[in-house]
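Notes for the one structure printed next.
Numbers restart at 1 for each chain; the letters A, B, ... are given by sequence-line order, proteins then strands. Source: prediction; values computed, not measured.
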2 protein chains.
Amino acid sequence: MEQATRRTTIADVAKAAGVSKAAVSFAFNTPERLSADTVSRIRDIATTLDYRPDPVARMLAQRRTWTIGLLTPQGLDVIFTNPYFGEFSAGVATAAEAAGMAIQFISPLHGSLTRAVDRASVDGVIAVGLGAEHPEVGQIRRSGIPFVVVDSTALRDEPGVTVDDEGGAALAARHLLELGHRRFLVIGIEPPSASDRAEPTGVTARRLGGYRAALAPAGIELDDEAIVVGPASLEGGIEALRRAWARGSRPTAVLAMSDAMAIGAMRAARELGLRVPRDLSIVGFDDLDLAQYTDPPLTTVHQPIRRKGQEAVRLLLAGGRHRDEEPSEQQLLATRLVVRGSTARASSGPEGVVDDGR
Amino acid sequence: MEQATRRTTIADVAKAAGVSKAAVSFAFNTPERLSADTVSRIRDIATTLDYRPDPVARMLAQRRTWTIGLLTPQGLDVIFTNPYFGEFSAGVATAAEAAGMAIQFISPLHGSLTRAVDRASVDGVIAVGLGAEHPEVGQIRRSGIPFVVVDSTALRDEPGVTVDDEGGAALAARHLLELGHRRFLVIGIEPPSASDRAEPTGVTARRLGGYRAALAPAGIELDDEAIVVGPASLEGGIEALRRAWARGSRPTAVLAMSDAMAIGAMRAARELGLRVPRDLSIVGFDDLDLAQYTDPPLTTVHQPIRRKGQEAVRLLLAGGRHRDEEPSEQQLLATRLVVRGSTARASSGPEGVVDDGR
DNA sequence: GCGGTTTAGCAAACCGGTTTAGCGGACCGT
DNA sequence: ACGGTCCGCTAAACCGGTTTGCTAAACCGC
């Protein structure tokens, strides 16, 4: 992978046009500093010579890369195949593009996120799903690059955008409660790497808090038996419900912390001979595009994923300007429950029984 | 978004260590050129000063960006939310990462792919789904950057990786034929931009060719009425089947050119009161992860999407070395039919009738 | 003690742009 | 005719690394 022929540089154009390098630069960047016909002469020659300014050289000189980094603790293979990240990235990408910025994914490189951050040349970073315990946060802050955090409430001193996870989760739980459900299974998201486990402020904890807050008034509490976790994927959801079932859980309703897991749970339920929602109600979280096309369509908590990405970009771009003056801006976006077909009135089993005792 | 404090440069480290800039550079890149203790001294000082070489400066000096570009005619918002691209990108990413390369998405910028190519600083390009008629191909070739094409057979003179679309499509059609189907609807992929329309060598054309080749021996030919196209998305599939139905098509089997469209078609079929596969058989193309989890599980043509991405990277990385000597390497990957639950024996209507005449 | 080879490190050129300070000439009013 | 201002452009410094001679000292055998 070697360059075949040397590409035309600004010096070539300058020589051909009989002007200085500066003039060529001006012709493209600040044409008002040159006379109109000099500009057009230079531009003509440039097109003839097929001159395209080297982006790297430009980055170095301007000390701007016109790139914003998307930092995630997950590897690229899971990022790209995860619909949630897909929608989020789409939001980031459109907003970034509108601002003339490119986006660069920063994911653990050979297992090290730190190394990946070093290699990345970006003007700003959007860190998604990173807790305070991640050393990379300090690394970035020290490097002086502006950044905003997404989906992590731990870093109150940094600008960030979050979603009302507690509220949304509570909505979901209350909905099931109203349908008469009393035996619940929570399918939770397992953090990507071991070091992230038991993070007290992560998405998982916040949603769990929401479930609990809604269930408590009804006298229901979620013990460890009522919670099962796994990777936030379809397979993870299948696995989770299977495991719970195998160890004796007999819920009438499932609170899944992601749509992917909810869909997986629907699938697993079918395998177990359960009809959704007749025998088992399932509510997800996220409201992916896909959620409306499942069979039955998935009842779920909607969160504005794309907008989250766009807001993150907005915050990042606005952030630097009044850096030290104002307190860092925190954005909290609303969630809402979307009732579709995967939830129904509880029918089987005696109501009020929280645990079927195996 | 301004840099707060100037980061430590190689000159700072050199001064602090009492050596030349070159020595610092050597200490990291070619430590064998320095004495062992000088190396460790420089490295210690570098860590103390929290020195991290500026990637951009390095790129400029080495004239390598350690980045490969992923060129697509679609916008980033569709790329990121499309499961096919997701899996493909995941393949590219893992292979690239293994080779120490980052990946950069190159998508139309303000509608212009040319502009996007100019802005991108990459060592090589993987162009996916680009036909010969795209001027960008010429642009890249002229710029001397190595590139490989994916999913386009038009550019035989460039290295590329393709999948046996004809063969796979034929398999799908024959499968339905064997189940007794005679009335077919093809749901095709519509090219992303108007200029790409009617590309004679695109994926759509190849798969259509496969269908036709398999159907012809049975005396069935696909006229325009039997073909409907739309964007390669779930919504596109829904829309397509609805449109076909509305204009009077009454097929017993659907040949969809992508799984997303097939899933959409399943959804639309249900809305129309058709049971899949009892009243309507559907076969997709791609074999996305998702395909095994639909209800019923989707019969589809499997293609090795991830591997396609990996092979593209391999070809790109190997490409430059023996550039002019060998003929450009072409890689053709096999497809196979995966029979699941969305296809069944044709039951309704008189067999042998190709068109129900409204 | 001498020429010849290594070794360790330096100075400077270079990558390809941007940006600042400044210069010569045209134009202006008086 | 003269000093001042404006216009159009240039020369050179700069961004932060890498890489290419090259040199001075150390090492070598004899």
Report summary line: From the candidates dT19(C), dT19(D), dG16(C), the one with an atom nearest any side-chain atom of Q62(A) is dT19(C)
Report task. Mind checking A23(B) for me? I need base, sugar-phosphate or nothing, with any heavy atom below 4.0 Å counting as a touch. Result -> sugar-phosphate
Query raised in the report: Hey, does the side-chain of K21(B) have a donor or acceptor N/O within less than 3.5 Å of a partner on the base of dG16(D)?
Result: no
Requested in this report: For the pair S112(A) (side chain) and R115(A) (backbone), establish whether a donor and an acceptor sit closer than 3.5 Å, ignoring hydrogens and angles.
Outcome: yes
Report task. Check each residue of residues 35-58 of chain A for a non-hydrogen atom within less than 4.0 Å of any atom in DNA chain D, then write out the ones that pass by number, or none. Result -> S35(A), T38(A)
Requested in this report: Identify, between A22(B) and A22(A), the residue whose nearest nucleotide on DNA chain C lies closer to the 5' end.
Outcome: A22(B)
Query raised in the report: Going by an N to O cut-off under 4.0 Å, is there a salt bridge joining E311(A) and K308(A)?
Result: no
Report task. Can you tell me the distance, in whole Å, between the CH2 atom of W66(B) and the C1' atom of dT18(D)? Result -> 13 Å
Query raised in the report: Less than 4.5 Å apart, any side-chain heavy atom of R58(A) and any of N29(A)?
Result: yes
Query raised in the report: Can you check whether V24(B) reaches I45(B) side chain to side chain, under 4.5 Å on heavy atoms?
Result: no
Requested in this report: In whole angstrom, give the distance that lies between atom CG of L34(A) and atom C1' of dT10(D).
Outcome: 11 Å
Query raised in the report: Under a 4.5 Å cut-off applied to non-hydrogen side-chain atoms, are I68(A) and V122(A) in contact?
Result: no
Query raised in the report: L60(A) near the nucleic acid: base, sugar-phosphate alone, or nothing, with a heavy-atom cut-off under 4.0 Å?
Result: base
Requested in this report: Would you confirm whether R119(B), through its side chain, and G100(A), through its main-chain N or O, come within 3.5 Å as a donor-acceptor pair?
Outcome: yes
Please produce a list of atom pairs where a protein N or O lies less than 3.5 Å from an N or O of nucleotides 21-28 of chain C.
none

Query raised in the report: Just checking S25(B): base, sugar-phosphate only, or nothing, at a heavy-atom cut-off of under 4.0 Å?
Result: base
Query raised in the report: Are the aromatic ring centres of F85(B) and F105(B) under 6.0 angstrom apart?
Result: no
Query - Protein-nucleotide distance (N29(B), atom CG; dG17(D), atom C1'), rounded to Å - result: 9 Å
Query - Beyond-backbone contact of R314(B) with R307(B), side-chain heavy atoms, under 4.5 angstrom - result: no
